[in-house]
Protein chains: 2
Amino acid sequence: MIRVLIVDDHTMFADGVSLLLANETQIEVTGKCTLGSHVMPFLQRTAVDIILLDISLPDVSGLEVCRRVREEFPRLNVIALSMFNQASYVTEMLQQGAKGYILKNTGKDELVRAIERVYAGEEFFSREVTETIMRDLMTRKEAENRAKSIPKISRREQEVLSLIVNEHTNQEIADVLCLSLKTVESHRSTLLVKLNARNTAGLVKSALAHALV
Amino acid sequence: MIRVLIVDDHTMFADGVSLLLANETQIEVTGKCTLGSHVMPFLQRTAVDIILLDISLPDVSGLEVCRRVREEFPRLNVIALSMFNQASYVTEMLQQGAKGYILKNTGKDELVRAIERVYAGEEFFSREVTETIMRDLMTRKEAENRAKSIPKISRREQEVLSLIVNEHTNQEIADVLCLSLKTVESHRSTLLVKLNARNTAGLVKSALAHALV
DNA sequence: AATCATTTAGGGTTTTATACTGAGTACCCC
DNA sequence: GGGGTACTCAGTATAAAACCCTAAATGATT
C-alpha cells in the first residue's frame, strides 16, 4: 500500500485526485493539505510514502515545502504536480529533491504510473516535461551568451546612468554627485560605448532592459 | 438527474471532478472535453443540462465557448470554473451568459450546490468571487482614472516616438518620414508635454511603460 | 459655422549632448 | 614596479535637443 499525501490549494482538485486514486487498490490517500504550512505538522503524525505537491501554494511555495520535507524526511519522495510546463520550475523543483514532475493536464494512468515508479525508487517525468527540459538545455547556451552580453558597468557609471534615466541633465548629475560637468560627460561617453547606444534613448533602453537601475 | 458536461484541458482535473460528482445521485457526468472545439460537436449528439467550463483552454477560449453555447443552446446553462479570481474574467464570463462562477479552490459541497442552484434556474457564485466583484466596483473609479492617465498619442506622434526610442535623431526621423526637421521638433515638443517628460530619457521611459511602441 | 486637435512648417535662441584628445590620481593585482 | 582599470577633469568643437514664438491647412466634432 502506497500512502500518498496530496498538497494543493485547490480543494476541488485535491478532492478529485483523491477520488481518482481511491479506485487504485495499491494506493491510499492518507491526507490532503491546502496550505504549505500544514505539510510538516501533518507528516509528523501521519506516515506517508509519497507527496503529490503543487508548486503554487498561497502561503509557502511548493519549492520551499519540498526542500523542508526532503530535509526532515529524506525517505519520503515528492512528485511535483504543476500546471506549468516551464523549464525553470522543473529544474528548481528537481534541485529541491523532487523525484518526479507531472503536469495536471496528464491523465489518471500517468499519475498512477508516476506514483508506482517513484515508490519503486525510480524517477518519473511527463513526456512533455522531458521535452521541455531538452529544449531548454539546447537553448541554454543562448541564455549564457545573453548573460555574457550584460555590460559591466562600474559603480560610478551606474549612478550616472540611474540619474540619466531619471531625466536629469549632465549638469544636474554633476551637482548631485559633486562632480565636474566634464566628468559626467566622460562617464556618459563610456556608457554609450559600453551599452552600445547612440544617445540618451539607447542608454535608457539598455538600462531598463538589463535592469541596471 | 442533472446531466453535466465538464470542459477542462487538465485531464486529471476533469477526471477528478467527474469522480467527485459520481457520488452524487442526482448528478450524472455525461461527458468530458479537453478542447473547446470539441464542445459544440459533443452537444449536438448528447443531451446536457449544465456545462462546467474552464476559462483557460488551449484552443478556443472559455469565453468564446460560452458565447457559442448560449447562442446555439439557450436552455443550456454554463458554470464557469476557474483558478482565477479576477473581476475582469468574471464580468466577461457573465457577459457571455454564464450563470455561475466558482473557483477551483472551493470544495465539493459548493460545486454540487452550484450545479443544483443553476439547474433550478438560479445563479451561483463563490463567496470569494462576489467579494472580488464588489471590490472591483468600488475601485472602478481608480481604474478609470488610470485609464485616463494613459496619454493619447496621435498616429504621427506615435511614429516619431517610435523612431526616437530607436535612437534616431530628429534629422533622421525627418528624413525617414519625409518631414521638415521643424515638424519633427514640433512633434517632439508635444510628446514631451503629453508624456510629462523632461527630455529624451523621459520619452523613452513613458513609451516603454505605456507600451506605445 | 465654429471649435478643437492634428499635422505641417518656419525663425531664432539657448541649453544639452556628443566627439575627440589628453592627463593626473588612485587602487588592485601580479 | 609595472599593467590594468576606474575615476577624475580639461579644452575645443560640433551636433542635437529644447524652448520661445507664430501660423496655415486639414479633418473631425459639435
Side-chain angles (χ1 to χ4, degrees), chain A residues 144-213, chain B residues 144-213:
Chain A
E144 280 174 16
N145 291 344
R146 258 178 278 131
K148 271 180 193 167
S149 75
I150 292 176
K152 291 162 197 162
I153 305 294
S154 70
R155 242 166 289 146
R156 210 46 159 170
E157 286 161 355
Q158 198 275 332
E159 291 179 299
V160 173
L161 180 59
S162 181
L163 290 166
I164 290 173
V165 171
N166 285 328
E167 303 179 45
H168 293 289
T169 67
N170 287 346
Q171 187 57 61
E172 290 171 348
I173 296 171
D175 294 343
V176 171
L177 299 181
C178 295
L179 291 176
S180 158
L181 172 63
K182 277 296 174 185
T183 305
V184 178
E185 287 178 347
S186 176
H187 287 312
R188 196 172 189 131
S189 288
T190 57
L191 280 170
L192 284 175
V193 175
K194 284 187 178 179
L195 298 181
N196 194 30
R198 287 184 66 191
N199 52 30
T200 310
L203 290 181
V204 174
K205 273 205 302 177
S206 267
L208 297 179
H210 297 111
L212 299 175
V213 285
Chain B
E144 281 174 17
N145 292 346
R146 253 178 283 129
K148 272 180 192 167
S149 75
I150 293 175
K152 291 162 197 163
I153 305 295
S154 69
R155 243 167 288 142
R156 210 48 159 170
E157 286 160 354
Q158 197 276 332
E159 290 180 300
V160 173
L161 179 59
S162 181
L163 289 166
I164 290 173
V165 171
N166 286 329
E167 302 178 48
H168 293 289
T169 67
N170 287 346
Q171 187 57 61
E172 289 171 348
I173 296 171
D175 294 344
V176 171
L177 299 182
C178 294
L179 290 177
S180 158
L181 173 63
K182 276 296 177 182
T183 305
V184 177
E185 287 179 349
S186 175
H187 287 311
R188 194 172 191 130
S189 289
T190 58
L191 280 169
L192 284 174
V193 175
K194 284 188 178 181
L195 298 181
N196 194 30
R198 289 184 66 191
N199 51 31
T200 310
L203 290 182
V204 174
K205 273 205 302 177
S206 266
L208 297 179
H210 296 113
L212 300 175
V213 284

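Basis for what follows: all heavy atoms, side chains included, without hydrogens, waters or symmetry-related copies. No experiment lies behind these values; they were computed from the predicted model shown.
The shortest side-chain heavy-atom distance between B:L161 and B:L195 falls under the 4.5 Å cut-off. Counting heavy atoms from C-beta on, the side chains of B:E159 and B:V176 never come closer than 4.5 Å.
Atom-to-atom, CG of B:L179 to C1' of D:dT26 comes out at 15 Å; the value is rounded to the nearest Å. If you measure from atom CG of B:L177 to atom P of C:dT8, you get 8 Å, rounded to the nearest angstrom. Between the CZ atom of A:R156 and the C1' atom of C:dT25 there is a distance of 15 Å, given to the nearest Å. Rounded to a whole Å, the CD atom of B:E159 is 13 Å from the C1' atom of C:dT6. Taking atom NE2 on B:H187 and atom P on C:dA5, their separation rounds to 16 Å, with Å as the unit. At whole-Å resolution of the value, CD in B:Q158 and P in C:dT7 are 11 Å apart.
For the atom pair B:L203 CG and B:L208 CG, the distance stands at 10.5 Å (nearest 0.5 Å). Note: A:E185 CD to A:L179 CG = 12.0 Å, rounded to the nearest 0.5 Å. Between atom CD1 of residue A:I164 and atom CD of residue A:E157 there is a gap of 10.0 Å, rounded to the nearest 0.5 Å.
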Next item on the list: Using a 4.0 Å heavy-atom cut-off, write out nucleotides 14-24 of chain C from 5' to 3' as B (base contacted by protein), S (sugar-phosphate only) or - (no contact).
Entry: --SSBB-----
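Side chain of B:N199 to main chain of A:E167: a donor-acceptor pair is present (N/O by atom type, distance under 3.5 Å, no hydrogens or angles).
Contact annotation: B:R155 does not reach the phosphate of C:dT6 (side-chain N/O to OP1 or OP2, under 4.0 Å).
Here B:T183 lies in heavy-atom contact (under 4.0 Å) with a base.
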